[in-house]
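The residues of the chain are indexed from 1 along the displayed sequence.
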Amino acid sequence: NVDSVRQALFETASFADSPSDSMGHGWPDAYSAFYYVSPNWNYKKGNHFLIPYPNPFTTSVHENIYLPFKLETVAGISIQIYSISGRLIKKEDRPAGTGQLPPGIYNDQNPSSPNAAFIWDGKDEQGKDVGSGIYYCVLLTHGSGGDITKIVLVR
């Protein structure tokens, strides 16, 4: 979020240890700020989405958007994409049927991989292109919590 970016820039700047009125925190160090992790950072626990990529998803540049996720418990899951108005756009249950997935990180771009991320091509359940906009992605784990993330689709 904005506050964590601001903190990372301040904490990694050239005068971070002794900011002054004339130079502030000094020259920013974008490389260090990119890899900066706040000491009070709270890592997400439980079953949750990882960072979707590419986001924004530009259909003229990218074929798909990948929604990786992490499971900390054995679970059957459902991933659903909703428009900003609440219309269900796409849904996928994993594994198909009544099975369950083991704990782990599901981030593979190969759709046939057992650790595949959820892959969306910008089409709805009927195979029609959806419009540009913000979409909500919901990770439902049967009996062990879930998560929500936002993605942007640009046509």
Side-chain angles (χ1 to χ4, degrees), residues 1-12 28-155:
N1 65 26
V2 174
D3 292 333
S4 63
V5 171
R6 181 178 176 268
Q7 180 182 2
L9 287 169
F10 283 168
E11 295 290 329
T12 58
D29 182 347
Y31 183 81
S32 295
F34 184 78
Y35 292 102
Y36 176 79
V37 177
S38 171
N40 61 0
W41 179 262
N42 293 324
Y43 290 98
K44 223 175 195 184
K45 298 210 184 283
N47 303 322
H48 62 273
F49 280 115
L50 302 174
I51 298 171
Y53 60 94
N55 193 15
F57 169 35
T58 308
T59 57
S60 62
V61 178
H62 311 105
E63 289 183 28
N64 299 308
I65 185 169
Y66 301 92
L67 293 151
F69 56 95
K70 180 178 181 183
L71 297 179
E72 290 192 358
T73 59
V74 174
I77 66 163
S78 178
I79 296 177
Q80 303 165 0
I81 298 178
Y82 290 91
S83 69
I84 195 106
S85 66
R87 183 178 139 236
L88 178 64
I89 303 295
K90 192 81 171 177
K91 178 181 177 183
E92 181 179 317
D93 294 323
R94 284 199 195 165
T98 58
Q100 296 194 340
L101 296 173
I105 294 176
Y106 294 81
N107 62 351
D108 200 326
Q109 292 184 9
N110 178 353
S112 60
S113 167
N115 292 334
F118 176 75
I119 302 168
W120 185 45
D121 60 2
K123 299 181 185 298
D124 64 13
E125 290 286 335
Q126 290 76 38
K128 296 179 183 173
D129 290 337
V130 298
S132 294
I134 299 172
Y135 292 86
Y136 291 99
C137 306
V138 179
L139 172 68
L140 296 172
T141 56
H142 307 293
S144 56
D147 194 19
I148 297 175
T149 192
K150 292 182 282 190
I151 59 173
V152 176
L153 183 137
V154 179
R155 290 237 177 249

Peer 1: Please determine which of Leu139, Ile81, Ile119, Ile51 meets the side chain to side chain contact (heavy atoms under 4.5 Å, CB included) test together with Leu67.
Peer 2: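 Per the side chain to side chain contact (heavy atoms under 4.5 Å, CB included) rule, the option paired with Leu67 is Ile81, out of Leu139, Ile81, Ile119, Ile51.
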Peer 1: Answer whether the closest heavy-atom distance between the side chains of Trp120 and Ile79 falls below 4.5 Å.
Peer 2: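 Trp120 vs Ile79: side chains apart.
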Peer 1: Could you tell me whether a side-chain N or O of Ser132 sits under 3.5 Å from a main-chain N or O of Arg155, the two making a donor and an acceptor?
Peer 2: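 The answer is yes, because a donor-acceptor pair under 3.5 Å joins these two groups.
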Peer 1: Give the minimum heavy-atom separation between Leu9 and Ala33, together with the two atoms involved.
Peer 2: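 In this case the closest contact between Leu9 and Ala33 is CD2-CB, 3.8 Å.
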Peer 1: Which heavy-atom pair separates Pro68 from Pro52 by the least distance, and what is that distance?
Peer 2: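 Nearest heavy atoms, Pro68 then Pro52: CD-CA, 4.1 Å.
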Peer 1: Tell me, do Lys90 and Val130 make a side-chain contact under 4.5 Å, heavy atoms counted?
Peer 2: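 With C-beta onward as the side chain, the pair stays apart.
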Peer 1: Within the structure provided, determine whether Pro103 and Val74 are in side-chain contact (heavy-atom separation under 4.5 Å).
Peer 2: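 A side-chain contact exists here, since the closest heavy-atom pair is under 4.5 Å.
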Peer 1: To the closest 0.5 Å, what do you measure between CD (Gln80) and CG (Leu88)?
Peer 2: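 One gets 6.0 Å once the value is rounded to the nearest 0.5 Å.
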Peer 1: Verify whether the ring centers belonging to Phe69 and Tyr106 lie closer than 6.0 Å.
Peer 2: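 Ring centres of Tyr106 and Phe69 closer than 6.0 Å.
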Peer 1: Check whether any side-chain N or O of Asn55 sits under 3.5 Å from a backbone N or O of Lys150 as a donor-acceptor pair, and report yes or no.
Peer 2: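 Such a contact is found between Asn55 side chain and Lys150 backbone.
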Peer 1: Mind checking the CD-CZ spacing from Glu63 to Phe57? Nearest 0.5 Å is all I need.
Peer 2: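 Those atoms lie 9.0 Å apart.
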Peer 1: Could you tell me which non-hydrogen atom of Lys91 sits nearest to which non-hydrogen atom of Ser78, and how far apart they are?
Peer 2: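 For Lys91 versus Ser78, the nearest heavy atoms are CE-OG, 3.4 Å.
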Peer 1: Can you confirm whether Tyr53 sits close enough to Gln109 that some side-chain heavy atom of one is under 4.5 Å from a side-chain heavy atom of the other?
Peer 2: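 Yes - at least one pair of side-chain heavy atoms lies under 4.5 Å apart.
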Peer 1: Working to the nearest 0.5 angstrom, can you tell me the gap between Leu71 CG and Asn47 CG?
Peer 2: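 Rounded to the nearest 0.5 Å, the CG-CG separation comes out at 5.0 Å.
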Peer 1: Quick check for you: to the nearest 0.5 Å, what is the distance between Arg6 atom CZ and Glu11 atom CD?
Peer 2: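 CD of Glu11 is found 10.5 Å from CZ of Arg6.
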Peer 1: Is there a side-chain contact between Thr12 and Pro28 (heavy atoms, below 4.5 Å)?
Peer 2: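 No, side chains not in contact.
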Peer 1: For the atom pair OG (Ser83) and CD1 (Ile134), what is the distance rounded to the nearest 0.5 Å?
Peer 2: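 One gets 11.5 Å once the value is rounded to the nearest 0.5 Å.
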Peer 1: First locate atom OG1 of Thr149, then atom OH of Tyr135, and finally report the distance between them rounded to the nearest 0.5 Å.
Peer 2: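 It is 15.5 Å, given to the nearest 0.5 Å.
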Peer 1: Do side-chain atoms of Arg94 reach the backbone of Ala116 as a donor and acceptor pair under 3.5 angstrom?
Peer 2: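 Pair found, side chain donor or acceptor close to backbone of Ala116.
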